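None of the values given here were measured: they were computed from a predicted structure. The sequence lines fix the lettering, A, B, ..., with proteins before strands; numbering per chain opens at 1.
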Amino acid sequence: MPCIVTNSLSKSYGSIVAVDGIDLSVNSGKIFGFLGPNGAGKTTTIKLLTTLIAPTSGTINILGMDAIRRPLDVRKKIGVVLQQPSYEPTLSVEKSLEKYGMMWNVERKTRKDRVEELLSAFDLEEIRKIKNDDLSIGQRRRVQVAREFMHDMELLFLDEPTVGLDPSARRGLLDFIKKKVKEGLTIFFTTHILNEAEYLCDEVAIINKGKIIAIDTPNELKNKFGREKTIKIRIPETKKDVQGLLIDVKDYEIDFNSGTNITIRSNDSEEVLLKILQILTANNISIENLSVMPTTLEEIFLTVVKNSNASSN
Amino acid sequence: MHPVIRLVNRNLTISLNKGFLIWQIVFPLIYIFVAGFAYTALIHSVPFGNKSLDYPAFIASGMIGFNIMNSTLISGIIIWNDRRHGMFEQILVGPFTRSHYILSNIYTIGIVGLISAALITAVGYPLFFKSVEFNFYTIPLVVFASVTGSILFGSIASIISTRLQSSEGFNVVINTAFLFFAFVSTAFYPAQGAPEPLSTAFYLNPLTYLVDVVRAGMFGNFSTFVGIEMIVLVVVALILFTISTKLLSKLEI
Ligand SMILES: Nc1ncnc2c1ncn2[C@@H]1O[C@H](COP(=O)(O)OP(=O)(O)O)[C@@H](O)[C@H]1O
Ligand SMILES: [Mg+2]
């Protein structure tokens with residue numbers, strides 16, 4: 001069952017179109033990654049979906065409810081960690097978790113248990129008595145994310161939750177999220193860090209300049225856009241004119257920094273490789289090293305965004 | 001529990017800390033006892049309606065009004081901090097509406113104003129008990145002053161905190177405004193006897209009206225003039241309250 005559905009969702013600020021006709025359908029029980037470069041419209045989309053701002057046009061349905069007509073009903077069922085920090089400067093870490101649970105009307109006993117569980121899961125036990133004002137930015141971010149798990153929810157929005165976290169805290173958070181999803185939570189997650197999305201997400205959408213330019217599972221995206229493989233061949237120094245020999249071959253680059261390096265970048269890299277190998281053997285040139293670069297989501301992302309920028313200019 | 005009550009609970013938790021209690025109790029106490037007795041040598045008695053008060057009783061009753069006003073600063077500080085530290089947005093993506101947020105601030109200042117008034121009344125009582133004339137409108141008048149005064153000054157503090165952008169600006173403006181209210185008023189000295197432009201200035205200041213109403217209640221000195229002052233307080237409080245609610249409900253995210 002889809003728990004987020006939008007139709008031609010748009011938001012403009014004056015002449016800036018921050019979100020431009022987005023159609024989304026996110027299924028329950030999944031982690032949905034929303035990827036895009038800075039300024040792409042990720043935060044604006046989250047603010048629209050969480051009813052913090054009203055759209056210029058389009059429809060939003062969250063958990064079966066019209067989010068524009070029933071914003072409060074929607075907000076009661078979701079959790080939101082905004083990109084912007086938020087904290088109570090005068091409260092200690094444990095007190096701020098406890099009070100947040102109170103604000104969500106969580107029972108006192110449950111609150112107490114959850115505070116302990118979250119302090120340990122987010123590695124906050126050592127700083128539990130410290131005031132938020134005195135925490136580092138990364139610690140505050142951890143408290144902010146942990147705090148959101150004080151209350152029950154069906155759907156959680158996370159806007160770049162790992163920014164400012166060190167690698168171990170980052171991995172800890174991603175694994176905690178995975179655990180919660182196994183227990184039935186749905187997550188809408190924005191990031192500009194691609195391997196995070198690759199590690200975590202069941203489905204990803206790539207947004208650029210307010211428009212969704214690709215949407216699929218990470219694997220399908222790789223199949224679709226990742227046909228372009230990169231292969232590197234290194235040959236020893238030779239007097240032969242390698243460039244001249246390869247004159248008829250397309251989609252490769254050659255450089256002569258410490259030896260001769262040939263880089264193939266093509267949708268048919270295997271074909272290109274075969275041609276080059278034939279020419280090299282025919283001319284008795286041996287190969288020192290040959291390597292194939294695996295396609296990462298990052299490369300797909302860069303390709304897709306580059307293409308979209310090129311076509312919109 | 002109702003969402004507004006949960007927000008009030010949170011407001012009280014974040015505001016009622018040591019610093020606030022020192023500001024609200026220790027500071028007024030020093031004023032009442034040190035200034036009250038130090039000035040007794042200079043000011044033997046203060047004419048008040050048809051009777052005269054000794055200076056400690058006069059200043060202790062003035063401090064009730066002063067304390068009500070000061071306590072409303074917390075509404076400004078809460079709004080200001082919520083904007084600056086992202087809690088305003090966070091509350092609005094939670095199970096609350098803007099009206100809940102606004103109402104919770106009003107209740108918070110009302111409660112803190114009443115508590116402050118009660119604290120100073122209790123602490124200052126030994127000083128003015130000789131002059132107090134309890135009657136059936138003493139408590140209603142003091143409560144009226146606490147509530148109207150809280151809403152009036154609370155609205156001023158919210159207006160300042162929704163309009164300003166920088167922390168330096170916020171502190172300077174709010175401190176200047178409240179310093180002016182405190183010292184250009186009848187909280188610390190009577191209007192009679194003050195040189196002319198000053199004694200008129202006293203009556204451009206809502207704290208003067210607030211303090212007059214408190215004193216009328218405590219010292220049994222109700223008059224038509226106090227009645228008019230009450231009407232002025234209500235009207236000004238309503239106007240400021242409307243403006244501050246408008247600003248808060250339009251505050252950009
Ligand atoms: N309140 C606002 N007023 C004007 N422009 C805005 C506002 N919020 C966002 N924008 C603009 O909308 C675009 C998308 O921003 P945002 O959603 O924050 O991107 P992202 O989160 O992907 O980095 C940017 O060009 C940004 O400058
Ligand atoms: Mg963003």
For A/Thr90, which atoms come within 4.5 Å of any heavy atom of chain B: side chain, backbone, both, or neither?
side chain
With a sphere of 6.0 Å drawn around CD1 of A/Ile137, does it hold more than 12 non-hydrogen atoms of other residues, nucleotides or ligands?
no
May I ask you to list the residues in residues 3-12 of chain B that approach chain A closer than 4.5 angstrom, counting heavy atoms only, ordered by number?
B/Arg6, B/Leu7, B/Asn9, B/Arg10
Heavy-atom count around A/Glu183 CD within 6.0 Å, excluding the residue itself: above 12?
yes
Looking at A/Lys47, A/Gln84, A/Lys76, which makes the most heavy-atom pairs under 4.5 Å with chain B?
A/Gln84
With a 4.5 angstrom heavy-atom cut-off, could you sort out which part of A/Lys77 is near chain B: side chain, backbone, both or neither?
neither
Greater than 12 external heavy atoms within 6.0 Å of B/Leu238's CG:
yes
Under 4.5 Å from a heavy atom of chain B, the part of A/Phe157 involved:
neither
Take a 6.0 Å sphere around CZ of A/Phe176 and say whether it holds more than 12 heavy atoms from other residues, nucleotides or ligands.
yes
So do B/Asn81 and A/Glu88 actually touch side chain to side chain, heavy atoms under 4.5 Å?
no
Can you list the residues of residues 143-150 of chain B that sit under 4.5 Å from chain A, counting heavy atoms only?
none
Sub-4.5 Å heavy-atom contacts with chain A: which residues of residues 83-100 of chain B show up?
B/His85, B/Gly86, B/Met87, B/Glu89, B/Gln90, B/Ile91, B/Leu92, B/Val93, B/Gly94, B/Pro95, B/Phe96, B/Thr97, B/His100
If the contact rule is any heavy atom under 4.5 Å from chain B, which residues of residues 112-122 of chain A qualify, in numerical order?
none
A/Leu52 portion near chain B, given a 4.5 angstrom heavy-atom threshold:
both
Atom NZ of residue position A/Lys180 - does it have more than 12 heavy atoms of other residues, nucleotides or ligands inside 6.0 Å?
yes
